[in-house]
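Chain naming here is simple, since letters A, B, ... match the order of the sequence lines and numbering starts at 1 in each.
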Amino acid sequence: MRLSKSFIPTVKETPNDAIIPSHQLMIRAGMIRLLGAGIYSWLPLGYRVMKKVSNIVREEMDAIGGQEFHLPALNPIEIWEETGRVKAFGDSLFQIKNRPLVLAPTHEEIICWIAKNHIESYKDMPQIWYQIQTKFRNEPRPRSGVLRGRQFLMKDSYTLDTSWEALDTSYDLHAEAYKKIFTRCGLKFFIVGASSGAMGGTGSQEFMLESESGEDTLALAEDGSYAANLEIATSLMPEAARVGDGKAITEVHTPNVKTIDELAEFLKVDRSILAKSVVYWADENPVLVLMMGNDELNEAKLQAAVGATWVRPIEDEKLRELTGADGGSIGPVGLKGMKIIADKRLEGANGLVSGANKNDYHLMNIDLQRDCNIDGYFDLRTVQAGETAPNGKCKLRIVKGIELGHIFKLGTKYSDALKATFLGENGEAKPIIMGSYGIGIERIIACHIEQNHDGNGIIWDKAIAPYQIHLIAVSMKSQDVIQTTEHLYDEIQQQKLEVLFDDRQTSPGFKFKDADLLGMPLQVIVGEKNLANGNVEIKIRKSGERLLIPLGQAIGKIKELLA
RNA sequence: CGGGGCGUAGCGCAGCCCGGCUAGCGCGCUUGGUUCGGGACCAAGAGGUCGGGGGUUCGAAUCCCCCCGCCCCGACCA
């Protein structure tokens, strides 16, 4: 492609609306343009990258036996109602105004619909079905360029299996394919255990990229032995021990003591014998949660523990109505009308201090076994940086991450809802066991730039670079330079290499800056002085290294460097 | 949806507080000329419903009210 004839609108100045490097550079390099919040046009240069990434994904999906579909983005709303997901997605599901249709945010329903109609026997499975298509979600707050958009390109695949064991195999195939995909795209990623959320199922993992711009929080063991989304992360923390032979409960007056820190200070005791009580709504039901000391409650864990579809802190007024006291004086002893659960660290503990359900009073020497009806102990605390990793050998660090992909053992949620069954060997009808696996194509691109750029621009990996070579005619005045670059341009194309040829009538500095901004792996620079000595220059974008090569050997060297 | 910021030429911004000549600057763009190894120089140009609507005023980019859009933080994110 000749730059003089191309539409690659580069921008010198950093756009005002872009904060993170990938977003700024995608705009500056003429890859994308904003149309509305979370809606982007992909311009030719960006679309080349999108196609390359899609092809890598396609190759690896095909390699594990995947079959590519092209599915409708317009879906009858009835199907979504059958699985209860019109309600589950809520406002983030786009609905069409003049027809009972929705814009598909994902495709479990449609896959399941096809399976229901055509998968009849255990002999028809396993199947791996995938698509690379645009999804629509009415995100309340799109952000960070293409990292979170309202319309985005996603690869999803779905596996259909006859048993949970077979699902494990399909799942593992995906995990391996995903590693290859992200590696081929030149990303430094890692895999974390993730929450299954309200989707049910037996497990899920996320492929994450460490980044300050990430929306997820992750706990990572320093020795690499453990990585988990903070929603499910655990650490080794001492549990409360049983002490002495149970003193009787005593009430103490604790005026104006509201927080755990104030309480510890007031009573001159260690935080570890304090049991913090918080009350949450869990699907319309109040639940009291006991945490040790100042341990922070993890709402995702709470939601999973109580099996709720949503949880949120209770309102102050309602709290008073249900317990007779305000937050800070709430406790588990004698509390009626709600479930009480506690963090594992408090399992069976005694000698504890908690609120008396009477403002400005606390109870001491509480024995959870003797004095309370605890409905269950769960891991409910939020892991903090510096805590001991589960293997006991190192510390955990907490980082931000961007989710690139998610693999999910779905189970029978959708096949049950849509009655997608098959006949087993003994003639019995059973629900199809499903898995679902997503990759954000645009996130791969943005993340690649996040990880591979410098002050001058993008640094593409050759696997997904829009072009391999950026050929620069330094001076458009010299006939020698023009003829040589024109000749090189032809030769490179004959070698089936992709080349962007800067044949514009503009100053050398302008061309060099654009070349660094656009970030092709190799720059082939033809200038008058070097050419007079029979040489051309090859600059390696990543290292900045410059090689002087005799003109006749240029093609060979280029091929060698790109091999 | 809560909090904050912004909206003036294609891009980046000044002007607004304290209303007043023809609304400015840099980059980019057009034409001519000079340049040609790190975003060149000279000259001449084109380009604006000052986000939209309403109001106050002799007079509004500027003050008041309503609306829209974009960005950031939070909530949310099968």
Can you tell me how far [atom2] of [N] sits from [atom1] of [X], to the nearest Å?
| X | N | atom1 | atom2 | answer |
| --- | --- | --- | --- | --- |
| A/Asn138 | B/A75 | CG | P | 19 Å |
| A/Asn16 | B/C71 | CG | C1' | 8 Å |
| A/Tyr280 | B/A75 | OH | C1' | 13 Å |
| A/Lys529 | B/G38 | NZ | P | 9 Å |
| A/Arg312 | B/C1 | CZ | C1' | 14 Å |
| A/Leu34 | B/C11 | CG | P | 11 Å |
| A/Asn533 | B/G37 | CG | C1' | 14 Å |
| A/Glu139 | B/G74 | CD | C1' | 15 Å |

Under 4.0 angstrom, heavy atoms only, what part of the nucleic acid is [X] near: base, sugar-phosphate, or nothing?
| X | answer |
| --- | --- |
| A/Lys135 | nothing |
| A/Gly36 | sugar-phosphate |
| A/Ser144 | sugar-phosphate |
| A/Ser475 | sugar-phosphate |
| A/Ala37 | sugar-phosphate |
| A/Arg33 | nothing |
| A/Arg504 | nothing |

Residue pairs involving residues 6-19 of chain A (criterion side chain to side chain donor-acceptor pair (under 3.5 Å); sequence neighbours excluded):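 Counting only pairs at least two positions apart or across chains, the side chain to side chain donor-acceptor pair (under 3.5 Å) contacts touching residues 6-19 of chain A are A/Thr10-A/Asp514.
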
Sequence neighbours excluded - side chain to side chain donor-acceptor pair (under 3.5 Å) pairs with any residue from residues 25-40 of chain A: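 Found A/His23-A/Tyr40.
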
Residue pair A/Trp281 / A/Glu315, side-chain donor-acceptor N/O under 3.5 Å: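 The answer is yes; a qualifying pair exists.
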
Pair A/Trp80, A/Asn75: side-chain N/O donor-acceptor within cut-off below 3.5 Å: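 A/Trp80 vs A/Asn75: donor-acceptor pair found between side chains.
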
Using the [atom1] atom as the point on both nucleotides, what is the distance between [M] and [N], in whole Å?
| N | M | atom1 | result |
| --- | --- | --- | --- |
| B/C41 | B/G3 | C1' | 50 Å |
| B/A61 | B/C50 | C1' | 5 Å |
| B/G7 | B/C11 | C1' | 14 Å |
| B/C17 | B/G2 | P | 29 Å |
| B/G74 | B/C65 | C1' | 29 Å |
| B/G51 | B/C71 | C1' | 15 Å |
| B/C72 | B/C13 | P | 15 Å |
| B/G32 | B/A46 | C1' | 15 Å |

Non-neighbouring partners of A/Lys539 that pass salt bridge (Lys or Arg N to Asp or Glu O under 4.0 Å), sequence neighbours left out: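 For A/Lys539 the salt bridge (Lys or Arg N to Asp or Glu O under 4.0 Å) partners, ignoring immediate neighbours, are A/Asp516.
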
Closest nucleotide among B/C76, B/C13, B/C72 to the A/Glu299 side chain: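 In terms of side-chain proximity for A/Glu299, the closest of B/C76, B/C13, B/C72 is B/C76.
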
Show the distances under 3.5 angstrom between N or O atoms of the protein and N or O atoms of nucleotides 2-5 of chain B.
none

Fit a plane to each ring of [X] and [Y], take the angle between them on a 0 to 90° scale, and name the class: parallel (under 30°), tilted (30 to 60°) or perpendicular (over 60°).
| X | Y | result |
| --- | --- | --- |
| A/Phe189 | A/Phe207 | tilted |
| A/Phe136 | A/Phe94 | perpendicular |
| A/His406 | A/Phe408 | tilted |

Residues forming a side chain to side chain donor-acceptor pair (under 3.5 Å) with A/Lys318, sequence neighbours excluded: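 By the side chain to side chain donor-acceptor pair (under 3.5 Å) rule, A/Lys318 matches A/Glu321.
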
Results of side chain to side chain donor-acceptor pair (under 3.5 Å) for A/Arg141 - residues two or more places apart only: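 Result, side chain to side chain donor-acceptor pair (under 3.5 Å) vs A/Arg141: none returned.
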
Ring pair (Phe, Tyr, Trp, His ring centres under 6.0 Å) contacts in which one or both residues fall within residues 501-522 of chain A, not counting sequence neighbours: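 As it turns out, the ring pair (Phe, Tyr, Trp, His ring centres under 6.0 Å) pairs with a partner in residues 501-522 of chain A, which skip direct neighbours, are A/Tyr489-A/Phe501.
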
Polar atom pairs (N or O), protein with nucleotides 31-35 of chain B, under 3.5 Å:
none

Pair A/Thr484-A/Ile482, side chain to side chain contact (heavy atoms under 4.5 Å, CB included): steps then yes or no: CA-CA 5 Å; A/Thr484 305; A/Ile482 292 172; over 6 Å; no

Searching all strands shown, indicate the nucleotide that pairs with [N] (Watson-Crick or G-U wobble; both distances under 3.5 Å).
| N | answer |
| --- | --- |
| B/C58 | B/G20 |
| B/G32 | B/C42 |
| B/U49 | none |
| B/G10 | B/C27 |

Please list, for nucleotides 43-52 of chain B, all pairs of protein and nucleotide N/O atoms separated by less than 3.5 Å.
none

Most 5' of A/Arg28 and A/Pro140 on RNA chain B, judged by nearest nucleotide: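 Taking each residue's closest nucleotide, the earlier one in sequence belongs to A/Arg28.
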
Residue closer to the 5' end of RNA chain B, A/Ile525 versus A/Arg148 (nearest nucleotide):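 Its nearest nucleotide being more 5', the pick is A/Ile525.
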
Side chain proximity check, A/Ile20 to A/Leu147, heavy atoms < 4.5 angstrom: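 Yes; the side chains approach each other to less than 4.5 Å.
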
Tabulated below should be each protein N or O lying under 3.5 Å from an N or O of nucleotides 24-30 of chain B; please produce it.
residue	atom	partner	partner atom	Å
B/G26	N2	A/Glu13	OE1	3.0

N or O in side chain of A/Asn530 less than 4.0 angstrom from B/G37 OP1/OP2: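 It does not, given that no N or O in the side chain of A/Asn530 lies less than 4.0 Å from OP1 or OP2 of B/G37.
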
Salt bridge (charged side-chain N to carboxylate O under 4.0 Å, His left out) contacts touching residues 92-104 of chain A (sequence neighbours left out):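 Of all non-adjacent pairs touching residues 92-104 of chain A, none passes salt bridge (charged side-chain N to carboxylate O under 4.0 Å, His left out).
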
Contact list for residues 145-159 of chain A, test salt bridge (charged side-chain N to carboxylate O under 4.0 Å, His left out), sequence neighbours left out: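 Every salt bridge (charged side-chain N to carboxylate O under 4.0 Å, His left out) pair that includes a residue of residues 145-159 of chain A, provided the two are not neighbours, is A/Lys135-A/Asp156, A/Glu139-A/Arg148, A/Arg148-A/Glu215.
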
N/O donor-acceptor pair under 3.5 Å between A/Asn229 side chain and A/Glu231 backbone: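 The answer is yes, because a donor-acceptor pair under 3.5 Å joins these two groups.
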
Check: A/Tyr158 ring centre within less than 6.0 Å of A/Trp129 ring centre: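 No.
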
